There are 2 protein chains.
Amino acid sequence: MLEKQRHQLLLDILDEQQFASVNDLSSQLNASEATIRRDITKLAKQDQLRKIRGGAEVLNSSERRSRRPHLSGTAFLAAKEQRADVKRLLAKEAVKFCEDGEFIIINGGSSTYMMREFLAERHLNVLTNSFVLAQELAETSDNQITLPGGELYRKQGIILSAFENDTIQYYQASKMFMGTPGIGKFGVMESDPLLIQTEQKLKKQADQLIVLADSTKLGKRSNFILCPLSEVDVLITDSEADPELVKYFESENIQVILVDVNQPS
Amino acid sequence: MLEKQRHQLLLDILDEQQFASVNDLSSQLNASEATIRRDITKLAKQDQLRKIRGGAEVLNSSERRSRRPHLSGTAFLAAKEQRADVKRLLAKEAVKFCEDGEFIIINGGSSTYMMREFLAERHLNVLTNSFVLAQELAETSDNQITLPGGELYRKQGIILSAFENDTIQYYQASKMFMGTPGIGKFGVMESDPLLIQTEQKLKKQADQLIVLADSTKLGKRSNFILCPLSEVDVLITDSEADPELVKYFESENIQVILVDVNQPS
DNA sequence: ATAAATTTGATCAAAATTTAGCATATTGAT
DNA sequence: ATCAATATGCTAAATTTTGATCAAATTTAT
């Protein structure tokens, strides 16, 4: 059996049963114990599993090296599919807010990613933590692109850093655009704890915060509160939004833009 | 059987079973192992499969050649053409220097970009200011990727920042790889003034500096001196290098690796 | 604490795989 | 049909992986 293949199977086994002894693996993969030990050592070096006495142990997902959730691939584009048509309209409206030459920040996410289509023929200065958006804009537009430093998280297609990041700190934008899994009286939500810190750092550098959220997101809760409503300047949503909530947002001094979902596009 | 036909069948087999050993393929396609090896090498160069020890492995669809060339392709890819074969061999040698799990820095440029092919099956932690390299590695490999913050320069496919950049400062690497337009008694040269500052910052974070330069670059001058020879630890060049110069570099305590240019692969 | 049992890493020879060079066969162009 | 270019198969040498053995380290049982 090929080494690579054996490695793959070994990881598959671990995925299912959490732990595996050298002996188990040796018989399941019919390879000698010496070989299994070498495999484990190698895979441990690659951060694919944890070597423990007697065998190996799986890593929990946060430690694990993303097992090829491809950029531009599965996870990201799949999320993009949901209500893609509405998101596209919100994105279109968002881009209309910008004047050529303006400095803006675009936070990663499937809603804001849609802005790429409309940014193609614009000439803005864009700071974004979305690697995939940067990629698109670099290829299809003349916008000036700035990226924050950090590690690339393939699953989200985003660049994250634990450190204070000077590139962000020196960037001053008039507007920041972001999507959200939920927005309500409690504020703007975020489901991915990894993202919160970066988002808050980005938000500090912009004069105006513009949130994109289709009507199903209104009033929805999620894991974490990213910021209170008072920090939101504009909310772009669709015409099916609950009028009560819209009124409430407006009473909180938020400019609400309702995009007609039956618009021809 | 026609070569093209055999290639197609080979890929079909891989599609079905993920892995295939040279031996398997040889009997299934009745061709000698030598031929199968040559096929695999060729197809791997075309990014149709991944060459692994003992055989070949499928690429998941997003890695497949279907994708369009990244970043406008023009300037950057054109530069890539020159002496591409030699550069590829230098890159291969460079990757051999790395151990899985190691933290390395790769400076942008056409030589170092070639490392992507050989990094595909490795598991390293890579910090690079090359946006295009990051793109490739993100799509085709499991390496952990870190990017410095800054503006995206399309022509060079590179991220540059005028600011001190914490992402870089917190990164500690054992090796830094860089290409150069010229290296001689005066030191390592750089032609693009924009790059110098970033390169010097990156260099500070690595224990060892490894320079890739084909033999035509040896003794060549360019606009700027990036660093003196004393800071270079390893020079990877090809066997057509001027022996006098090689001797000189060695007398300066540089480990010189000569790659045989007549090597096939 | 001591002994027994287990696991580990190192070493080495055998087996498998890759590479390189050369001879032969096939193909395409004239 | 002939020549050149390319593709194929074979072999020997170099490299890598594997499995077996064993001493040292670690854990478990007494």
Side-chain angles (χ1 to χ4, degrees), chain A residues 1-11 13-14 18-46 48-57, chain B residues 1-11 13-14 17-46 48-57 85-86 88-101 117-123 238-240 257-265:
Chain A
M1 172 155 15
L2 302 170
E3 183 191 33
K4 197 76 183 284
Q5 192 174 9
R6 204 176 49 237
H7 285 182
Q8 192 58 60
L9 289 170
L10 199 159
L11 290 171
I13 291 173
L14 264 194
Q18 227 86 352
F19 295 94
S21 73
V22 173
N23 196 283
D24 278 2
L25 291 168
S26 162
S27 54
Q28 283 200 58
L29 302 171
N30 31 265
S32 75
E33 299 206 347
T35 302
I36 297 297
R37 275 184 231 290
R38 277 185 283 245
D39 286 347
I40 291 177
T41 312
K42 213 175 215 175
L43 290 169
K45 255 197 199 167
Q46 300 175 2
Q48 309 251 35
L49 50 72
R50 179 172 308 127
K51 187 171 191 265
I52 56 177
R53 188 177 176 81
E57 171 183 34
Chain B
M1 171 162 4
L2 297 159
E3 183 189 31
K4 201 65 178 291
Q5 193 178 1
R6 202 176 50 238
H7 284 184
Q8 193 52 59
L9 289 171
L10 199 160
L11 290 171
I13 292 174
L14 263 194
Q17 57 191 59
Q18 221 90 352
F19 293 95
S21 73
V22 173
N23 197 283
D24 280 0
L25 292 167
S26 161
S27 55
Q28 285 199 57
L29 302 171
N30 37 266
S32 75
E33 299 206 347
T35 302
I36 297 298
R37 288 214 172 80
R38 279 186 279 246
D39 287 346
I40 291 177
T41 314
K42 212 176 221 174
L43 290 169
K45 267 196 198 173
Q46 299 171 13
Q48 307 259 38
L49 50 72
R50 179 167 311 144
K51 188 173 189 285
I52 59 177
R53 186 179 174 83
E57 177 186 19
D85 46 342
V86 177
R88 184 168 167 276
L89 292 175
L90 302 185
K92 185 177 179 183
E93 202 61 28
V95 174
K96 278 195 197 156
F97 259 78
C98 306
E99 304 258 343
D100 273 355
E117 177 185 343
F118 308 103
L119 288 168
E121 44 210 304
R122 303 299 297 275
H123 293 80
D238 62 83
S239 51
E240 260 144 41
I257 311 273
L258 293 174
V259 178
D260 190 349
V261 286
N262 301 315
Q263 209 179 116
S265 162

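Protein chains get the first letters and strands the later ones, always in sequence-line order, with residue 1 at the start of each. Quantities reported herein were computed from a predicted structural model and do not represent experimental measurements.
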*So what is the end-to-end bend of the helix from C:dA1-D:dT30 to C:dT30-D:dA1, with 5 pairs used at each end and the value given to 10 degrees?*
40°
*Salt bridge present between A:K42 and B:D100 (N-O < 4.0 angstrom)*: no
Find every protein N or O atom lying less than 3.5 Å from an N or O atom of nucleotides 17-20 of chain D, and list the pairs.
from, atom 1, to, atom 2, distance (Å)
D:dT18, OP1, A:R6, NH1, 2.8
D:dT18, OP1, A:R6, NH2, 3.0
D:dT18, OP2, A:R6, NH2, 3.3
D:dG19, OP2, A:S32, N, 3.1
D:dG19, OP2, A:S32, OG, 3.0
D:dG19, OP2, A:T35, OG1, 2.3
D:dG19, N7, A:R38, NH2, 2.5
D:dG19, O6, A:R38, NH1, 3.3

*Applying salt bridge (charged side-chain N to carboxylate O under 4.0 Å, His left out), which residue pairs with at least one partner in residues 28-37 of chain A are found, sequence neighbours left out?*
A:E33-A:R37
Distance, rounded to the nearest Å, where [X] contributes [atom1] and [N] contributes [atom2]:
X     : N      : atom1 : atom2 : answer
B:K92 : D:dT15 : NZ    : P     : 13 Å
A:R37 : D:dA24 : CZ    : P     : 18 Å
B:L29 : D:dA7  : CG    : C1'   : 16 Å
B:L25 : D:dT8  : CG    : C1'   : 16 Å
A:E57 : C:dT7  : CD    : C1'   : 17 Å
B:K4  : C:dG28 : NZ    : P     : 13 Å

Among residues at least two apart in sequence or on other chains, which ones pass side-chain contact (heavy atoms from CB on, under 4.5 Å) with [X]?
X     : value
A:T41 : A:K51
A:R53 : none
A:S21 : A:N23, A:D24
B:K96 : B:E93

*Using side-chain hydrogen bond (donor to acceptor under 3.5 Å, both in side chains) as the criterion, list what pairs up with A:Q5, not counting sequence neighbours.*
none
*With A:E57, which residues qualify under side-chain hydrogen bond (donor to acceptor under 3.5 Å, both in side chains), at least two apart?*
A:R50
*Just call it for B:I52: base, sugar-phosphate, or nothing, with non-hydrogen atoms closer than 4.0 Å on any strand.*
sugar-phosphate
